[in-house]
Amino acid sequence: MLCYYRDMNNQEIARLLRRVAVAYVINDEKKYRFQIIAYQRAADAIESAVAEISDLYRENKLDTIPGVGASMQQSLTELCKTGEVKHFQTLLASVPPAMFPLLNIPSFGPKKAYRLVTHFHLTDEKTVINDVKKLAEEGKIAELEGFGEKSQGEMLKAIQEFQLVKNVGQRMPLPYANELAQQIITYMKQIPSVEEIYPLGSLRREVETIGDVDLGVGTHDAKAVLDHFVNYPYKTRVLDCGDIGASLLASNGIRVDIKTQSPETFGAMLQHFTGSKDHNVHLREIALKRHVSLSEKGIKDLKTEKMKTYKTEESFYAALDMQWIPPEMRENVGEIELAQKKRLPNLVELKDMKGDMHIHSSFPMEESHDAGQSPIETMLEKAKKLGYSYLAFSEHNPSISKHSQKEVATLIQKRNEHIDKIYSKINSVRVVKMLETDILVNGELAIDNSSLELLDATIVSIHSSFQMDRKAMTSRILKGLSHPKAKIFAHPTGRLINERKGYDVDWEQLFDFCAKNNKALEINAFPSRLDLTDSLIRQARKYHLKFSIDTDSHAVEQMDLMQYGVSVARRGWLSKGDILNCMEYNELIEWLRR
DNA sequence: GCCGTTTTCGGCCCGACTGTTTTCAGTCG
């Protein structure tokens with residue numbers, strides 16, 4: 001019998017593998033503990049993989065995913081071929097499907113979920129969360145052995161909060177999380193017991209979106225610090241509070257964790273809570289081979305049982321014979337091996353930025369997309385304050401449905417004259433005359449050569465027909481980029497965080513084209529874009545192409561967002577030499593003409 | 001089930017916190 005099915009995407013495959021891990025937990029956690037870890041790791045790897053599993057299968061490249069070994073490859077192959085895996089189905093038949101929705105709620109793990117679902121005979125995946133909520137409200141859960149009044153109450157709160165947060169939306173873009181962290185840090189600094197305090201976790205690694213805010217405090221009086229913390233006025237409630245750490249739910253629903261440690265051992269704690277989990281796990285595996293054990297308290301010699309403490313992170317990594325690893329790199333994607341060889345790249349820094357290539361001023365270009373709000377003069381003044389030596393104005397091209405190509409050329413001419421007039425007055429920050437030109441569906445640029453000739457270069461980008469298939473979209477982009485004036489491809493994936501998935505592109509082909517033809521890919525610093533993404537940058541980096549870190553500012557204040565583009569570039573392992581706008585002006589102009 | 005610059009066999013990260021417990025299980029980061 002023929003069976004038609006749709007390819008599963010990476011998210012769905014990861015979810016399936018996690019369910020298999022859960023089934024193993026229920027069957028016999030002790031016996032299968034390493035399988036459980038293996039399935040969870042494979043799920044993590046697949047979830048964060050750049051390429052789709054279904055594509056890798058077709059290209060015979062399933063073995064390129066770390067954490068996916070021979071057995072898992074076989075299962076994935078079976079999945080891609082037939083849409084199911086016999087071994088998985090046998091396992092999953094032993095656990096009630098209704099338990100899975102509960103696992104999305106904090107404080108619900110496999111054991112609790114299984115117990116509730118089987119004891120109360122809950123079978124409907126769609127209603128199970130509300131069913132448990134009702135049971136808790138009726139006091140029926142406290143009657144179960146191993147459960148009590150308190151856990152029943154906590155369960156109810158967890159469900160209510162989950163249902164609330166789910167409606168709001170999950171992860172917070174980095175800039176907003178940063179602001180929340182700074183507010184709490186200011187509050188914590190009110191008491192003298194807080195000797196030092198830093199953001200940790202994904203915030204310190206500058207991940208594009210943040211799940212919860214982690215803070216670390218160096219103190220000799222943990223109790224005073226935690227007392228002050230749990231009294232933070234803008235909270236929903238305190239989640240837990242122990243001797244050395246506490247966590248609360250901020251009024252916007254974001255979880256805030258705080259950990260304390262004496263300043264003498266602060267280095268180990270910084271390291272521990274900066275993560276990532278994968279980075280730390282790998283580091284501890286290496287440590288074990290050297291017969292030492294790592295924790296937030298320091299490094300313990302397993303033979304003598306003696307604990308060594310570390311005041312700084314540098315000394316902690318040095319004790320393992322490694323270079324200090326910048327937090328942005330700590331994702332276990334090869335950084336540990338490089339640190340051992342002392343060959344970590346020198347990451348780009350904010351102060352290396354010499355200009356911004358993507359600026360929308362309020363000059364009336366009569367564009368079809370969003371116009372900028374601040375005058376050219378204002379933005380040039382700001383550029384001077386930021387220490388830039390040049391600024392590129394890249395307004396959207398004038399609307400081509402409302403203007404003839406001749407009118408377009410006239411508008412550009414006018415803007416150029418305006419720029420020249422201002423430049424002769426200010427004369428400190430150099431101006432690059434650019435435009436952000438649409439690549440039309442057929443791959444042609446929206447404006448003709450007589451207009452393009454008026455520019456130093458143009459950024460090109462996709463603002464329409466996002467749904468093309470990969471082959472068509474790729475050739476559309478390559479054709480647009482082929483124009484000699486087209487030098488930067490803006491916000492390459494087109495995604496909007498939490499809003500819109502990007503379009504489908506053959507990345508390897510695009511990277512190769514850019515490297516061979518002197519085209520740069522943009523790293524757009526706008527908070528909802530952060531595009532390219534860190535993992536695509538790491539992939540692109542192997543092609544030795546240039547990147548341009550730009551703010552895409554539509555108002556003068558937004559020019560401060562450059563730091564977030566630099567964060568993404570650092571997470572993509574880029575150095576100053578990889579970045580177009582780290583070049584001096586003359587070098588830049590020469591590159592644009594190449 | 002995965003993995004290897006001390007291993008292709010024999011290992012596999014570490015600790016905190018809570019609740020329901022008289023010594024531990026479950027969950028989390």
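Here is how names work: the chains are called A, B, and so on, in the same order as the sequence lines, proteins then strands, and each is numbered from 1. Computed from heavy atoms alone, side chains included, the values below leave out hydrogens, waters and symmetry copies.
For A:S293 and B:dC14, the shortest distance from a side-chain N or O to OP1 or OP2 is below 4.0 Å. Phosphate proximity of B:dG29 to A:H279: absent, as no side-chain N or O sits under 4.0 Å from OP1 or OP2. Side-chain N/O atoms of A:S151 include one lying less than 4.0 angstrom from OP1 or OP2 on B:dT20. Close to B:dA16, at under 4.0 Å from its OP1 or OP2, lies a side-chain N or O of A:K297. Put simply, A:S71 has a side-chain N or O that comes within less than 4.0 Å of OP1 or OP2 on B:dG1.
Shown are A:F316, A:Y310, A:F266, A:W324; of these, the side-chain contact (heavy atoms from CB on, under 4.5 Å) with A:Q271 is made only by A:F316.
Spacing between atom CD of A:E145 and atom C1' of B:dC24 amounts to 14 Å, rounded to whole angstrom units. Going from atom CD of A:Q35 over to atom P of B:dC3 covers 14 Å, rounded to whole Å. What separates NZ of A:K157 from P of B:dT18 is a distance of 13 Å, to the nearest Å. One interatomic measurement links the two molecules: NZ of A:K277 to C1' of B:dA16, which rounds to 16 Å at whole-angstrom precision. Rounded to a whole Å, the CG atom of A:L294 is 17 Å from the C1' atom of B:dA16. If you measure from atom CG of A:D257 to atom C1' of B:dG29, you get 8 Å, rounded to the nearest angstrom. The interatomic distance linking A:K111 (NZ) with B:dC24 (P) rounds to 15 Å, in whole Å. Here B:dA25 presents its P atom at 15 Å from CZ of A:F147, a figure rounded to the nearest Å.
Glycosidic torsion of B:dT22 falls outside 90° of 0, placing the base in anti.
Here A:Y232 and A:Y234 bring their ring centres to under 6.0 angstrom of each other.
For the pair A:D221 and A:T219, the tightest heavy-atom approach, listed with the atom from each and the gap, is N-OG1, 2.9 Å.
Looking at the side chain of A:E285, the nearest of the listed nucleotides B:dC12, B:dA16, B:dC2 is B:dC12. Side-chain proximity of A:H291 to B:dC17, B:dG1, B:dT6: nearest is B:dT6. The side chain of A:L288 approaches B:dC12 more closely than any other nucleotide in the set B:dG1, B:dG19, B:dC12. Which of B:dG15, B:dG1, B:dC28 sits closest to the side chain of A:Y39 comes down to B:dG1. Closest approach to the A:K112 side chain among B:dT18, B:dC28, B:dT27 is made by B:dT27 (side chain taken as heavy atoms from C-beta onward). When the nucleotides B:dG29, B:dC17, B:dT20 are ranked by their closest atom to the side chain of A:I244, B:dC17 comes out on top.
Map A:K289 and A:V292 each onto its nearest nucleotide of DNA chain B; the residue landing nearer the 5' end is A:K289. Looking at which nucleotide of DNA chain B each of A:A70 and A:S295 is closest to, the 5′-most match is held by A:A70.
Going from the P atom of B:dT7 to that of B:dG1 covers 26 Å, rounded to whole Å. Distance check on atom P: B:dC17 versus B:dC12 gives 26 Å, rounded to whole Å. B:dA16 and B:dG11: their C1' atoms are spaced 26 Å apart (whole Å). Separation of the C1' atoms belonging to B:dC9 and B:dC14 is 25 Å when rounded to the nearest angstrom. Spacing between B:dT23 and B:dG19 at atom C1', rounded to whole Å, works out to 13 Å. Comparing the P positions of B:dG10 and B:dG15 gives a spacing of 27 Å, expressed to the nearest Å. Taking the P atoms as reference points, B:dC2 lies 23 Å from B:dT6, given to the whole Å.
The partner of B:dT8, taking Watson-Crick or G-U wobble pairs whose two distances both stay under 3.5 Å, does not exist in any strand shown.
B:dC2 has no base stacking with the ring of A:F34 when judged by centroids under 5.5 angstrom apart and an interplanar angle below 30°.
Judged by distance alone, with hydrogens and angles left aside, the side-chain atoms of A:K235 form a donor-acceptor pair with the main-chain N or O of A:V230 at under 3.5 Å.
Residues A:E335 and A:H279 have side chains that bring a donor and an acceptor to within less than 3.5 angstrom of each other. For the 3.5 Å distance criterion, the side chains of A:H87 and A:Q74 fail to qualify, holding no donor opposite an acceptor. Using modelled atom types, one finds no donor on one side chain facing an acceptor on the other under 3.5 Å when comparing A:E206 with A:N178.
Residue A:D240 is classed as a sugar-phosphate contact, given heavy-atom separations below 4.0 Å to backbone atoms only. A:E296 comes within 4.0 angstrom of the backbone, heavy atoms only, and of no base. Using a 4.0 Å heavy-atom criterion, one finds that A:E149 contacts the sugar-phosphate atoms exclusively. If you check every strand for non-hydrogen atoms under 4.0 Å, A:R41 touches sugar and phosphate atoms only.
With values rounded to the nearest 0.5 angstrom, A:K501 atom NZ is found 7.5 Å from A:N9 atom CG.
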